[in-house]
Amino acid sequence: MSQLKILLLLSRHGTLAGGELARMLGVGAAALSGMIDRLVVQDLVTRTEDINDRRVRRIGLTRAGTEVIEGIITAGVAKQRQLLSRLSAEELTIVARAMELLVREAGSQIAEEAAAGEGHAGR
């Protein structure tokens, strides 16, 4: 599951510094290193030197890693489409309204997190 989280985070954020990825996962550098080693062996991620700071290792998805994530997302969309096709028009209206509410709240949360991050940037 941790490896999947890594792939999803890299898919969403692009190439990340190892320390930043460890913070996002809530793990230490040593634990992250072992997880990354396993993903490198599977050719799902790359570990490269940061061009600005040789001490920093940047982690990114390989083509195979990107394909794995895209396959998961595509499978999820297909399953969702199959489930939605079984609902009545009235039920679909309810689902659509619920999704609007979720998107609204997700947007609010992102805005709140961004505002909180700006408050910490000056420290």
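Because only heavy atoms are used, hydrogens play no part in the values below, and waters and symmetry mates are left out as well, while side chains stay in.
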Gap between atom CG of Leu10 and atom OG1 of Thr66 - 0.5 Å precision: 9.0 Å
Which heavy atom in Arg54 sits nearest to a heavy atom in Arg57, and how many Å separate them? O-NH1, 2.8 Å
Hey, does the side chain of Ser33 reach the backbone of Ala29 with a donor-acceptor pair shorter than 3.5 angstrom? no
Check side chain to side chain contact (heavy atoms under 4.5 Å, CB included) between Leu8 and all other residues, then give those that pass, not counting sequence neighbours. Leu4, Ile69
When you measure from the side chain of Glu91 to the backbone N and O of Ser88, does any donor-acceptor pair fall under 3.5 Å? yes
Salt bridge (charged side-chain N to carboxylate O under 4.0 Å, His left out) pairs, two or more places apart, involving residues 28-42: Asp37-Arg47
Sequence neighbours left out, what passes side chain to side chain contact (heavy atoms under 4.5 Å, CB included) with Leu92? Give chain and number order. Leu84, Leu87
CD/Gln42 to CD/Gln3 distance, rounded to the nearest 0.5 angstrom? 5.5 Å
Supply the atom-to-atom distance Leu32 CG to Ile59 CD1, rounded to the nearest 0.5 angstrom. 6.5 Å
If you measure from NZ on Lys5 to CG on Leu7, what distance do you get to the nearest 0.5 Å? 12.5 Å
When you look at Val103 and Glu100, which way does the side-chain contact (heavy atoms from CB on, under 4.5 Å) test go after all the steps? CA-CA 5 Å; Val103 168; Glu100 290 169 5; 5.9 Å; no
Say you draw a straight line from CG of Leu61 to CD of Glu67; how long is it, rounded to the nearest 0.5 Å? 11.0 Å
Within a reach of under 6.0 Å around CG of Leu83, are more than 12 heavy atoms found that belong to other residues, nucleotides or ligands? yes
N/O donor-acceptor pair under 3.5 Å between Thr46 side chain and Thr62 backbone: no
Mind listing the side-chain donor-acceptor pairs of residues 14-25 below 3.5 Å, one per line with the distance, residues two or more places apart or on another chain?
residue	atom	partner	partner atom	Å
Arg23	NH1	Gly19	O	3.3

Residues two or more places apart in sequence or in another chain: which of them pass side chain to side chain contact (heavy atoms under 4.5 Å, CB included) with Ser2? Met35
Once side chain to side chain contact (heavy atoms under 4.5 Å, CB included) is applied, do any residues pair with Leu101, and if so which ones, sequence neighbours excluded? Arg97, Arg104
Decide side chain to side chain donor-acceptor pair (under 3.5 Å) for Glu90 and Thr93; before the verdict, give the C-alpha distance in whole Å, the side-chain angles of both, and the deciding distance to 0.1 Å. CA-CA 5 Å; Glu90 183 179 326; Thr93 300; over 6 Å; no
Starting from Leu9, can I reach Val56 by hopping between I/L/V/M/F/W/Y residues whose side chains sit under 4.5 Å apart? no
